[in-house]
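Below, chain A is the first sequence line, B the second, and so on; all start at residue 1.
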Amino acid sequence: MSDAADFLYPFIEGDERDVGSLLVDLGRSAEGKVAASAELRRTALDNSAEIIERAASAMTDRFLMGGRLFVFGNGGSSTDAASLASLFVRPPWGQPLPARNLVDDSAVLTALGNDVGFELVFSRQLIAHSSALDIAVGLSTSGNSRNLLQCFAEATGRGLLTIGLAGYSGGEMAASPHVQHCLVVDADSVHRIQETQAALGFDLWQAVQKRLANQGQSA
Amino acid sequence: MMARVGRRTVRSMAADFGESVAVAALSLSRRFADGATLWCVAPEWSEHARHVAVEFVHPVVMGKRALPAVSVDSADPVAGLRPLVRPGDVVLAISTAACAATAALLLRARAWGATTIWMGVGEVPSTVDRDSGADHVIWAGDGPETDSPALHDGRLVLMYHVLWELTHVCFEHPGLLTADQACDEETCITCSDEGRLGEVIDNDERGMAHVRTARGVELVDTTIIADVSPGDLVLIHAGTAIAEVR
């Protein structure tokens, strides 16, 4: 294309050659995302402070009675759940605590998915493993994952403490009677929600560790 | 209930994050455009490698193309990836600066002809490790804190999310994805007088060895360096192994 209208469509034939200006744009874009992520994490930590204190208090009571933590999520949220579980099991400081990610075993996950359906892959594991002292923490960006909602319902029926992390406006998790403590990241970018859920999970873990440390001092 | 005074503070990223992730994203998008697979490894926290792979394979943003990324969860990533990586692929390692498995993998990945990206938290790699370790180094920049807060507070996830986001921005600029790929890095081993890195496949008593390099398998004279064994890394210049790399 080489006519007078070229300036309107500078890259229409893929003949863009200015790498320098793209790199400048990319760098600015990265900085903008870093700033947006930091602002969302700051806001969510502010807004969630009271729920985190309540949830951490209830979790600490259960850990002290011998309860264990089960975490679960789908896709990227399943890996964020794995990070949360390992934070409890192999902590950078404080007490190691029993936690498991229900996505870790692909044999169990595919057996359940194949035989009873993906909606039940987490709830069926709770039936096998959980006791009434335990804790269920599910991570979802939409708040609408069927297998999480199913798992929260099963957990509630079995007496577990239930904590949900959701994004957007919280979806069905925020309205569910089976999610006792729901931390909602009020945003519409899956990426920024996941980053913020990691920060909230870290805050929740720190709050539990502080309570355990205080218990140790007063005992 | 404890009342909080003022707003919470959150940590930021290293000052050079934007620049380093931008350059890495452009390089990654060019390799993808040329048919590369992205191999993801995180020896200390395998879930982060899985998170990167799922971002690329199953994008959360509607309309973004699915790209071939694979997480490899192996106690020995060099052995796990050796048969899989092809010249032109990209290896992304997520780790601390002290991770021996990552250091071994990044060096070999270069011998195999892969572009390497090293993303991490905690103490920043030394200048020597940065230069020899990877084509692209992207670090959170907390400094030498032993508990690596960026690992837990969402910033490590942010780092690879931004890499994914910028890679897809690059796909909106097709004219910039077809640049001379062998020469778009700051240093270009192929065009310089430096030795090229290779991994010994087998050798014989006559001082010749088959060596795997970015160009494929080459028959190389090894008489001027001491004994070499399969798996050793060597520098090759003009058909001759001139040094062993440890």
Side-chain angles (χ1 to χ4, degrees), chain A residues 11 13-19 22-35 37-39 41-46 49-50 53-54 75-76 78-87 91-93 101 103-104 141 189-192 194-203 205-206, chain B residues 1-4 6-13 16-23 25-26 45-55 58 60-61 71 145-149 151-167 169-170 172-179 184:
Chain A
F11 311 140
E13 289 188 45
D15 56 355
E16 184 186 2
R17 285 290 177 263
D18 186 0
V19 170
L22 175 61
L23 285 173
V24 169
D25 288 348
L26 292 176
R28 283 194 191 126
S29 172
E31 282 156 18
K33 291 172 193 306
V34 167
S37 179
E39 178 59 23
R41 281 181 279 136
R42 192 180 293 122
T43 302
L45 288 167
D46 285 344
E50 287 191 13
E53 292 297 331
R54 279 201 297 272
S78 81
T79 70
D80 297 342
S83 293
L84 188 60
S86 61
L87 188 55
W93 50 267
N101 177 15
V103 185
D104 275 352
T141 53
S189 156
V190 170
H191 290 145
R192 303 292 90 80
Q194 287 178 343
E195 292 145 21
T196 303
Q197 288 181 339
L200 293 174
F202 188 37
D203 212 50
W205 170 81
Q206 291 182 90
Chain B
M1 195 57 55
M2 185 170 61
R4 294 187 189 277
R7 301 199 63 194
R8 293 285 296 272
T9 55
V10 296
R11 290 163 182 267
S12 190
M13 299 294 291
D16 67 351
F17 171 73
E19 187 185 347
S20 58
V21 74
V23 175
L26 178 61
W45 327 286
S46 60
E47 67 271 16
H48 289 292
R50 294 199 298 277
H51 196 148
V52 175
V54 77
E55 290 291 337
H58 182 54
V60 295
V61 179
S71 73
E145 293 180 48
T146 51
D147 61 345
S148 299
L151 175 61
H152 308 296
D153 66 12
R155 281 176 297 152
L156 178 55
V157 182
L158 167 65
M159 289 166 74
Y160 51 72
H161 278 164
V162 174
L163 179 66
W164 178 89
E165 289 173 307
L166 297 193
T167 299
V169 172
C170 292
E172 295 161 14
H173 301 264
L176 299 179
L177 296 177
T178 54
D184 64 348

Leading residue by heavy atom contact count with chain B [cutoff under 4.5 Å; candidates Leu87(A), Leu200(A), Val24(A)]: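 Top count of heavy-atom pairs under 4.5 Å with chain B: Leu87(A).
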Chain B interface, residue from Thr196(A), Asn101(A), Asp18(A) that has the most non-hydrogen pairs under 4.5 Å: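 That would be Asp18(A).
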Restricting to non-hydrogen atoms, name the atom on [X] and the atom on [Y] that form the minimum distance, rounded to 0.1 Å.
| X | Y | value |
| --- | --- | --- |
| Gly27(A) | Ala22(B) | N-CB, 3.8 Å |
| Ala198(A) | Gly154(B) | CB-CA, 3.6 Å |
| Cys170(B) | Leu22(A) | SG-CD2, 4.3 Å |

When [options] are compared by non-hydrogen pairs under 4.5 Å with chain A, the top option:
| options | answer |
| --- | --- |
| Glu165(B), Met159(B), Glu19(B), Glu55(B) | Glu165(B) |
| Val162(B), Val60(B), Val52(B), Val54(B) | Val60(B) |
| Leu158(B), Asp153(B), Val10(B) | Leu158(B) |

Parallel, tilted or perpendicular: rings of His191(A) and His161(B) (30°, 60°):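 The arrangement is tilted - the two ring planes meet at 30° to 60°.
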Ser86(A) OG to Glu47(B) CD distance, which is reported to the nearest 0.5 Å: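 If I round to the nearest 0.5 Å, the distance is 4.5 Å.
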Pairwise distance CG(Asp25(A)) to CD(Glu172(B)) - rounded to 0.5 angstrom: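 These two atoms lie 11.0 Å from each other.
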Pair Gln206(A)-His152(B), side-chain donor/acceptor within less than 3.5 Å: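 Side chains of Gln206(A) and His152(B): no pair found under 3.5 Å.
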Which atoms of His48(B) approach chain A - backbone, side chain, both or neither, heavy atom under 4.5 Å: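 Only the side chain of His48(B) comes within 4.5 Å of chain A.
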Side chain / backbone / both / neither for Thr141(A) at chain B, heavy atoms under 4.5 Å: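 Neither part, no heavy atoms under 4.5 Å.
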Residue of the set Val23(B), Leu166(B), Val21(B) for which side chain to side chain contact (heavy atoms under 4.5 Å, CB included) holds with Leu26(A):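 Only one option passes, and that is Leu166(B).
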